[in-house]
Amino acid sequence: MKRIGVLTGGGDSAGMNPALRAVVRTAWNHGAEVIGIKRGWLGLAEGTYETMGPGSVSGILHRGGTILRTFRYPEFATDEGAIPVGNTLKKLNLDGMVIIGGDGSFRGGTKLTKEFGIPVVGIPATIDNDIPGTDMSIGFDTALNVAIDAVDKVKDTASSHGRIFVIEVMGRNYGLLAAQTAIATGAEEVLLPEIPHDLDQIARRITEGYKSGKSHAIIIVAEGAAKAQYVTYEIKERLRRSVRMVVLGHVQRGGSPSGYDRILASRMGHHATELLFAGQHGIMVGVVANKLKTSSLDKKKPMSAKAVLADARLMEILV
Ligand code: F6P
């Protein structure tokens, strides 16, 4: 392999930079040239890229986001949208590509191989942690810690005022980020897409909590379960108390990657590149029970409710 490409796609997540750094340095170690595609799949369509070496990835290990930038480009799934991508690929003459992103990016990666014959290895990076084949995706740990820190802070003011707070946590259709935020902050209630909820019961439990001496109530809402605004309105209607809402939103996607994410990203970036150079492709790297593993890149679907439900009993008792 003389020349490989690398791109970051979908929503950014903290740790994409250390993953990119590991890919570039590993490929450099093999004496290969690395082409960094700018702005994800859009960059591949528009032909915006740069040649990268160790110098281009120096000083990025601790930086959030992605220096390659990213872009949501669903057009690549269409025949028309794939034409400019094909034109760029002809120019670039790549021997392989490493794709850092989520399930949408992996569908793109599979298409690159099927339609343009480019060998691809994927690295899972999303704050949602909804990709099968790895215990953790890059960015989940950082996002979880950002959410925990924010909820802890809200709790201080909630206690001072005796208020109820509804806090919306990201995660698209998957509730793991919200579930773990609720467990780690000892929230009073959590609403998840995987578990049906009853707002009357929630209101009753909050009333009981106040009666038994609680000074506040924190309700964590996964964005896939309900909108914070709706829950806030409904709880206010039922309890006639002061209820405030906070939508954590994209704050959870930012910040310097945690130590865990830096190590995970470095291991995955290095392993993915080594596998590509060893002639393997059509796979995603993952870490399962602390061991590097691979799984097929094709037909990657977001995770089922299983991982969230595994903690259902824990939540019943601790949340
Ligand atoms: O997939 C990551 C994620 O942050 C989800 O949790 C969220 O639903 C979505 O991306 C938001 O997408 P965007 O940044 O395009 O608004």
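Scope of the values below: all heavy atoms of this structure, side chains included, with no hydrogens, waters or symmetry mates. For clarity, every value in this text was computed on a predicted model and none was experimentally measured.
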Step by step, would you call Arg107 with Thr110 a side chain to side chain contact (heavy atoms under 4.5 Å, CB included)? CA-CA 5 Å; Arg107 278 193 293 281; Thr110 303; 5.7 Å; no

For [X] and [Y], test the side chains for any donor-to-acceptor distance below 3.5 angstrom and give the result as yes or no.
X	Y	answer
Ser159	His216	yes
Asp141	Ser258	yes
Glu274	His30	yes
Thr8	Thr66	yes
Arg267	Asn290	yes

By salt bridge (charged side-chain N to carboxylate O under 4.0 Å, His left out) - contacts of [X] (at least two apart):
X	value
Asp130	none
Glu80	none
Glu50	Lys38

Does Val221 offer a backbone N or O that forms a donor-acceptor pair with the side chain of Glu168 under 3.5 Å?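 No; zero donor-acceptor contacts below 3.5 Å.
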
Under 3.5 Å: donor-acceptor pair, side chain of Thr157, backbone of Val154: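 Not confirmed, Thr157 side chain does not pair with Val154 backbone.
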
According to side-chain contact (heavy atoms from CB on, under 4.5 Å), who are the partners of Glu234, at least two apart in sequence or on a separate chain?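 Expected list: Leu199, Tyr230, Arg238.
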
Can you list the residues that meet the side-chain contact (heavy atoms from CB on, under 4.5 Å) rule with Asn173, with sequence neighbours excluded?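 Checked Asn173 against side-chain contact (heavy atoms from CB on, under 4.5 Å); zero matches.
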
So does [X] have more than 12 non-hydrogen atoms from other groups sitting under 6.0 Å from [atom1]?
X	atom1	answer
Asp156	CG	yes
Arg25	CZ	no
Gln229	CD	no

How about [X] and [Y]: do any of their side-chain heavy atoms sit closer than 4.5 Å?
X	Y	answer
Leu92	Arg3	yes
Asn129	Leu177	no
Val190	Met315	yes
Ser242	Ile164	no
Ile138	Met268	yes
Leu264	Met136	yes
Asp149	Asn145	no

Please list all pairs passing the ring pair (Phe, Tyr, Trp, His ring centres under 6.0 Å) test where one or both residues lie in residues 112-140, with sequence neighbours left out.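 For residues 112-140, and leaving out neighbouring residues, there are no ring pair (Phe, Tyr, Trp, His ring centres under 6.0 Å) pairs at all.
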
Could Arg241 and Tyr210 be counted as a cation-pi pair, given that NZ or CZ must be under 6.0 Å from the ring centre and within 45° of the axis?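 Judged by the rule, Arg241 and Tyr210 form a cation-pi pair.
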
Look at the side-chain heavy atoms of Ile, Leu, Val, Met, Phe, Trp and Tyr, link any pair under 4.5 Å apart, and say whether Ile37 and Leu297 land in one connected group.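 Per the 4.5 Å side-chain linkage, Ile37 and Leu297 are co-clustered.
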
Which is it for Leu94 and Ile4 under the side chain to side chain contact (heavy atoms under 4.5 Å, CB included) test, yes or no, and what are the steps along the way? CA-CA 5 Å; Leu94 299 174; Ile4 68 158; 5.9 Å; no

Could you walk me through whether Trp41 and Leu7 pass the side chain to side chain contact (heavy atoms under 4.5 Å, CB included) check? CA-CA 8 Å; Trp41 297 96; Leu7 72 74; 4.0 Å; yes

Under the side chain to side chain contact (heavy atoms under 4.5 Å, CB included) criterion, do Ile219 and Glu188 qualify, and how do the steps go? CA-CA 6 Å; Ile219 307 173; Glu188 275 62 37; 5.8 Å; no

